[in-house]
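All remarks here apply to the structure that follows.
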Amino acid sequence: MKNSEMKELFLQADRQIRIKEAKKQKVLLLMAEEMEKQRTPIINQREILFSQFLHVDKLFLSIYAVVVCLIVGVLFLLQQTRIDRSTIIISCMIGVSALAFLNVLIIDKLFFGRMAELGASCYFDTKQCVAAYMVIMGSVNLIVFLLIIFYVGNCWDIGIIQLGLYVLTAFLLSNIVAMGILSTKVGRENPFYLLSSGVFLALGYTVFSAVPAAFYVTTLGVWAMACFVLGCLLALLIKKLFIQMEKGEVLCMS
């Protein structure tokens, strides 16, 4: 029997069955009352997102808080030793670089772990959680950077915009390097590459301090251009990361 013939038989049976309108309305009313009793309260997206972050692993977030405290403690110690301006600038650049590497590592461990393939079964998928995390941690990093910039700028008499360019450039460069490493399968499987790249960057900043002319006010235009270029590169890397998440490539590498 063809599907069209079966459909016609069902339609004929439906026409032959007489449904009393009064009983139909009564059943619909009872169904509506029952659905009203069982209606699930609507929770807005902010509450759902907050509840999801409330249950994530707090270990790496605790490590981030400890690192921030260490950076602040080191700045207090450096103030007591009265080091020169170039050294304190390099110290700030190394500190924010450590935060950048840690931020990328947290994204990898929290959202791209062995259970990441279950992300699409939750209310928010992995892409949405990563985007929300970047917004939250970006806000936290901004607050930390402002505190560092205002404190160091006041103690060592360095311009706020000048120091901000140094710190932001180091932060962007470190993010690009860290995300570039973790975007490869080898870099994700072996944390040694991420650690070694962070050490090399810190050494590079230290060597850079031997060129005091690089921190003159006259070079701020070069720093601003470098900051702009690095910001564009980081935006492209983040866009590529989201595209990979949509295709499942990043999750499959976990």
Side-chain angles (χ1 to χ4, degrees), residues 45-46 48-50 52-53 56-57 60-61 63-64 67 93 95-146 164-198 200-201 204-205 221-254:
Q45 291 190 353
R46 285 188 303 175
I48 297 173
L49 189 61
F50 178 76
Q52 285 198 334
F53 278 105
V56 299
D57 187 1
F60 291 97
L61 298 179
I63 293 175
Y64 177 86
V67 171
M93 293 172 68
V96 298
S97 296
L99 291 180
F101 275 89
L102 187 57
N103 284 334
V104 176
L105 184 62
I106 290 174
I107 292 177
D108 177 59
K109 297 301 181 182
L110 288 185
F111 303 109
F112 299 141
R114 296 178 181 178
M115 298 297 290
E117 63 273 11
L118 298 178
S121 64
C122 302
Y123 188 90
F124 292 100
D125 59 21
T126 305
K127 179 182 175 181
Q128 291 172 312
C129 288
V130 171
Y133 168 83
M134 286 183 174
V135 172
I136 294 172
M137 293 308 296
S139 303
V140 174
N141 287 330
L142 179 61
I143 295 173
V144 174
F145 292 171
L146 289 176
L165 283 175
Y166 301 150
V167 169
L168 184 58
T169 302
F171 182 75
L172 293 175
L173 178 60
S174 301
N175 267 293
I176 290 172
V177 173
M179 292 186 68
I181 292 174
L182 290 180
S183 64
T184 63
K185 185 175 182 180
V186 177
R188 294 170 64 81
E189 291 178 349
N190 193 343
F192 171 77
Y193 294 100
L194 188 66
L195 178 61
S196 59
S197 62
F200 279 121
L201 268 181
Y205 293 149
V222 178
W223 283 94
M225 182 61 66
C227 189
F228 175 77
V229 173
L230 291 174
C232 293
L233 288 176
L234 182 59
L236 291 176
L237 275 178
I238 294 175
K239 182 179 179 180
K240 180 182 177 182
L241 175 67
F242 286 150
I243 293 174
Q244 288 178 332
M245 279 190 284
E246 287 181 351
K247 295 179 178 179
E249 295 176 6
V250 175
L251 304 184
C252 291
M253 287 194 299
S254 300

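Counting begins at 1 with the first residue of the sequence. All heavy atoms count here, side chains included; hydrogens, waters and symmetry mates do not.
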Taking side chain as C-beta onward, heavy atoms only, is [X] less than 4.5 Å from [Y]?
X: Tyr205; Y: Leu173; result: yes
X: Met179; Y: Ile238; result: yes
X: Tyr64; Y: Asn141; result: yes
X: Asn103; Y: Tyr133; result: yes
X: Cys232; Y: Phe228; result: yes

field: Separation between CG of Leu236 and CD1 of Ile243, rounded to the nearest 0.5 Å
entry: 9.5 Å

Would you name the heavy atoms of [X] and [Y] that are closest together and state the gap between them?
X: Ile176; Y: Leu230; result: CD1-O, 3.3 Å
X: Gly231; Y: Leu172; result: N-CD1, 3.8 Å
X: Leu165; Y: Ala224; result: CD2-CA, 4.1 Å
X: Cys227; Y: Thr169; result: CB-OG1, 3.6 Å
X: Met134; Y: Phe242; result: SD-CZ, 4.2 Å
X: Leu99; Y: Val67; result: CD2-CG1, 3.8 Å

- prompt: Is it true that a side-chain atom of Ser174 and a backbone atom of Phe171 form a donor plus acceptor pair closer than 3.5 Å?
  reply: no

